[in-house]
Amino acid sequence: MREVDWDGVIDAAMDAARAHLASLPTRPVWRDVPPDEIRAALGAGPMPDEGTPAAEVVRDLAKSLDPYVTAMNSGRFFGFVIGGLHPASYGADLLTATWDQNAGLYAPTPGATVAEEIAAQWLVELFGLPADSSVGFVTSGQMATFTALAAGRDHVLREAGWDVEADGLYGAPPVRVVTKSGRHGTVGRALRFLGLGERVASAVACDANDRVDVAALGQELRAVGGPTLVVVEAGNVNTGSFDDLEAVADLADEHRSRGNPTWVHVDGAVGLWARASERHRHLTEGLERLDSWSTDAHKTLNVSYDSGIAITRHPAAHRAAMSIRSNYLIDTEGVREPIDHNPEHSRRARGVAVYATLRALGLRGVSDLVDRLCHLAGRFASELERSGRATVVNEVVFNQVLVRWHPPDGGDPDAFQDEVMRQVAGSGEAFFSGTTYRDERLMRISVSDWATDEDDVDRALSALFAAANAD
Ligand SMILES: *Cc1c(COP(=O)(O)O)cnc(C)c1O
């Protein structure tokens, strides 16, 4: 084996890592930077002819790129839905990078494969799903929904006498897709990947909190028969609301009893974690009766990027949609082969960080984490309402808060929302992102970082009030 300056590389990376993590409490949460500044810092231009020693590259990289790294893990980043970095995940990911396992098959990567197998089993227990559910560790909620719907597409068409894996969609019975108007954009993209297209998806009306209208969903299902995929939500990306999953499960049973192959998928990118909390589990009643679930470990669980999870109650359909065998691969009896559960062929052992984080938190810790995020979201909501400067637009049931700031007399209300967010971002104190909901600009608060505490919320509120009062 060639000699390598591991110490030099590790020292360079770890010195920078320590400095970065230590800087989080004081680093500006957000910076507006012109891309040319970063290009210049990183030496954009023709690729160099000659190489540079690895340790030197790592040291340079840390120096030139770290100033442009957003403090997403600071505890005061409330934009999008961004989980922080749990230390157990961080440590496990450093090891995963070090071990560099191509974790597709047990035989060449037994340790990583079993760590993922255990993580899979713990997740199924944590979420209270059928014990023999199948689990895939994928990159994201996007790929989790894609994976689950690929299994669903296989299942409903197989029940209709069609093998989509072998024969594709030309000539297949049409697959109906019934979803809601407030669905996440990744659902439509998954439908594109699956060859179903976005236009086949109906958009059933929702209530003011973006919960699907159950009566309208029932009507939509009764209108047409045939193989049917239904997509509903646990944790809407704007409002944090949960669909009435018990009612959805009843409608699915009814649809099935009329002879229609039916698969219901739950987009639980944010909200599946409510299952871990006694206080919030009631939001998800009936969820265990559905067919597949997608979630993100990189959101509520605070595992490092990128970490999505696809779970189905139909292991055979999951395997039919995802498995692959080539003449040079090695099969092992009696183990869960990652390659059968995700769309990747070669892949990093991303489930190892999930294992480590679940182990670090325990059932109690995940429950406390969920409750704390929701409690802090509630604190934002009540303080904003109390101030009289803003209206909380959604019913805050989980970790998401939608806010409409009251503009100064004569001010443009929509522009004012963006102005408040821009000023707070500019202060570096905190970051919030916006959304357009029911034709109104709103500020959106997502409390998703395990590191966030009451002090972070109070500092962020001070920055918000300063911005709102500046005009
Ligand atoms: C974040 C999110 C997704 C997409 O997850 P990614 O990990 O970003 O691909 C899907 N649905 C909901 C409700 C989300 O909040």
Side-chain angles (χ1 to χ4, degrees), residues 70 72 77-85 89 123 127 136-150 177 179-194 198 201 203 206 209-212 229-243 245 248 264-275 280 283-284 287 290 292-311 342-344 350-351 353-354 357 370 373-374 377 394 396-402 432-435 437 442 444-449:
T70 305
M72 284 187 161
F77 191 100
F78 301 103
F80 315 110
V81 184
I82 303 291
L85 181 59
S89 171
L123 287 167
F127 295 143
F137 292 98
V138 297
T139 52
S140 59
Q142 170 74 76
M143 291 315 285
T145 292
F146 164 74
T147 301
L149 289 180
V177 183
T179 69
K180 52 191 277 192
S181 58
R183 67 171 182 256
H184 195 271
T186 50
V187 174
R189 191 154 70 153
L191 296 173
R192 278 152 52 194
F193 293 167
L194 288 163
E198 288 210 42
C206 291
N209 229 26
D210 255 357
R211 301 179 84 214
V212 73
L229 298 175
V230 182
V231 184
V232 290
E233 289 182 310
N236 178 266
V237 74
N238 281 312
T239 64
S241 69
F242 291 68
D243 290 327
L245 300 174
V248 170
V264 185
H265 175 69
V266 183
D267 175 359
V270 193
L272 201 57
W273 303 96
R275 300 286 282 182
H280 293 92
L283 296 165
T284 69
L287 178 140
L290 303 173
S292 61
W293 308 270
S294 53
T295 193
D296 272 329
H298 58 222
K299 287 181 179 165
T300 314
L301 192 61
N302 281 259
V303 167
S304 25
Y305 287 97
D306 37 20
S307 190
I309 299 160
I311 310 178
N342 46 252
E344 294 86 8
R350 58 174 51 78
V354 178
T357 308
V370 170
L373 299 176
C374 297
N394 64 324
V396 180
V397 296
F398 205 56
N399 69 326
Q400 304 286 113
V401 186
L402 290 180
F432 298 87
S433 57
T435 188
Y437 188 74
L442 300 175
R444 208 166 136 277
I445 304 175
S446 179
V447 186
S448 306
D449 193 323

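Order of appearance sets the numbers: ligands from 1, and atoms from 1 within every ligand.
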| task | Return the residue, atom name and 0.1 Å-rounded distance of the protein heavy atom closest to atom 4 (C) of ligand 1. | result | H184 CE1, 3.6 Å

| Going by the angle between their ring planes, with limits at 30° and 60°, are F432 and F78 parallel, tilted or perpendicular? | parallel

| request: Enter the distance from F242:CZ to E233:CD here, rounded to the nearest 0.5 Å. | output: 10.0 Å

| task | Taking only Lys NZ, Arg NE, NH1 and NH2, and the carboxylate oxygens of Asp or Glu, determine whether R350 and D306 approach each other closer than 4.0 Å. | result | yes

| request: Identify, for atom 5 (O) of ligand 1, the protein heavy atom at the shortest distance, and state residue, atom and that distance. | output: D296 OD2, 3.0 Å

| said: So if I count the atoms of ligand 1 from 1 in the order they appear, which ones are less than 4.0 Å from some heavy atom of H298? | reply: 7 (O)

| remark: Per-atom filter on ligand 1: closer than 4.0 angstrom to a heavy atom of G235 are 13 (C)

| said: I'd like to check V354 versus L123 (side-chain heavy atoms, cut-off strictly below 4.5 Å). Are they in contact? | reply: yes

| Can you find a heavy atom in the side chain of T300 that is under 4.5 Å from one in the side chain of V270? | yes

| message | Checking a contact table here: which protein heavy atom is nearest atom 11 (N) of ligand 1, and how many Å away? | response | D267 OD2, 2.7 Å

| ligand 1 atoms in contact with V270 (distance to a heavy atom under 4.0 Å) | 15 (O)

| Any side-chain heavy atom of M72 sitting closer than 4.5 Å to one from D449? | no

| Got a second to check how far Y437's OH is from N209's CG, nearest 0.5 Å? | 6.0 Å

| What closest approach, in Å, do F77 and I82 show between heavy atoms, and which atom pair accounts for it? | CE2-CG1, 3.5 Å

| request: Looking only at distances, please establish whether an N/O atom of ligand 1 is found under 3.5 Å from an N/O atom of V237. | output: no

| task | Heavy-atom contacts with Q142 under 4.0 Å: which atoms of ligand 1 show up? List them by number with element. | result | 5 (O), 6 (P), 9 (O)

| message | So for ligand 1, is N236 a polar contact partner (N or O within less than 3.5 Å, distance only)? | response | no

| note | Note: A269, heavy atoms under 4.0 Å from ligand 1, region reported as side chain

| task | Please say whether K299 places an N or O atom under 3.5 Å from an N or O atom belonging to ligand 1. | result | yes

| Whether G308 lies under 4.0 Å from ligand 1, heavy atom | no

